[in-house]
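Start at 1 and go down the list; that is how both ligands and their atoms are numbered.
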Amino acid sequence: MAVIAGNWKMHMGPVETTAFFEALRLEGVPSRHELLLFPPAISLLAAARAPSRDRRIQLGVQNIHWEDQGAFTGEVSAGMAAGAGATFVLIGHSERRHVFGESDQEVALKVGAAQRNGLVPVICVGETLDERRAGRVEEVILRQLDAVLPTCGTGGSRFLIAYEPVWAIGTGETATPGDASAAHATLRTRLEGALGISAATRVPLLYGGSVKPGNAAELMAAAEVDGVLVGGASLDPKSFAEIASAGG
Ligand code: 13P
């Protein structure tokens, strides 16, 4: 069973969210995979309550603050997201890191907040094009992983890692299955060293970056790829349903 996750980014208000689930119901949710959707925080409750949502589709929030409450205008806490229906949270998405300047340290604090509040973190790592050209893929993704391992590697709570090369996000450029496997193998080896082989095997490693119905099956078949994190193509119920049925 793979994990198929959709990150809606800053698309889909509450009304469109309800309509999405109705359209998805009509498409059918064929999947034997674990399905996750990450609507904007403002649409979470609409997603949670959407009459047409197949209850096998679990929900997450795209970002949280690391504190549980306080004077942080505009922010959403892990507990609030959980109260609105989230069971997962994306942490350290490249847009958070590169557009909003989120540091490895902040990412680690957010992972702690997620786990304290019972949310499963999906921790995103990935290199920029310049870093890839400079041969620094391993260095960058291991630095990002190492920053969170002291937090999420202890206590045995579930977490997922999404490898999203920044140059492949929203560009139509997709990593080859070989690129994805190589990065995932690097991450898996580090996880094995930190957690032991059997715990490391249970951490799903997702690939994200221009995943579409036409390439999802091939990517999901690649070694060490346990699922996909889909941006643009998850906004269309038909293409999300097609990706959800990819790979069997
Ligand atoms: P795209 O699938 O639109 O490239 O986005 C990937 C992504 O950032 C998912 O989190």
Is there a side-chain contact between R158 and P204 in this structure, where contact means two heavy atoms from C-beta onward sitting under 4.5 Å apart? yes

Would you check if L187 and I141 make a side-chain contact, meaning some heavy-atom pair closer than 4.5 Å? yes

Nearest protein heavy atom to atom 4 (O) of ligand 1, by residue and atom, and its distance? G170 N, 2.6 Å

Nearest neighbour in protein (non-hydrogen) for atom 2 (O) of ligand 1: G231 N, 2.9 Å

At a 4.0 Å cut-off, with the gap strictly under it, does some heavy atom of A233 reach an atom of ligand 1? no

At a 4.0 Å cut-off, with the gap strictly under it, does some heavy atom of A168 reach an atom of ligand 1? yes

Which of the ligand 1 atoms, numbered from 1, are nearer than 4.0 Å to a heavy atom of S210: 1 (P), 2 (O), 4 (O)

May I ask you to list the atoms of ligand 1 that are less than 4.0 angstrom from any heavy atom of N7? 9 (C), 10 (O)

Whether D130 and R136 form a salt bridge (side-chain N of Lys/Arg under 4.0 Å from carboxylate O of Asp/Glu) is what I want to check. no

My understanding is that we take every heavy atom of each candidate and find the minimum distance to atom 7 (C) of ligand 1. Doing that for K212, E164, E95, which one comes out nearest? E164

On a heavy-atom basis, I'd like to know which of G209, G232, G208 is closest to atom 3 (O) of ligand 1. G232

For Q62 and W8, what are the C-alpha separation, side-chain angles and deciding distance, and is it a side-chain hydrogen bond (donor to acceptor under 3.5 Å, both in side chains)? CA-CA 9 Å; Q62 298 171 12; W8 286 356; over 6 Å; no

Side chain, backbone, both or neither: the part of I169 lying under 4.0 Å from ligand 1 by heavy atom: both

Could you please spell out the steps behind the side-chain hydrogen bond (donor to acceptor under 3.5 Å, both in side chains) verdict for Q144 and Y163? CA-CA 11 Å; Q144 292 170 336; Y163 168 62; over 6 Å; no

Distance-only N or O hit between ligand 1 and K9, under 3.5 Å: yes

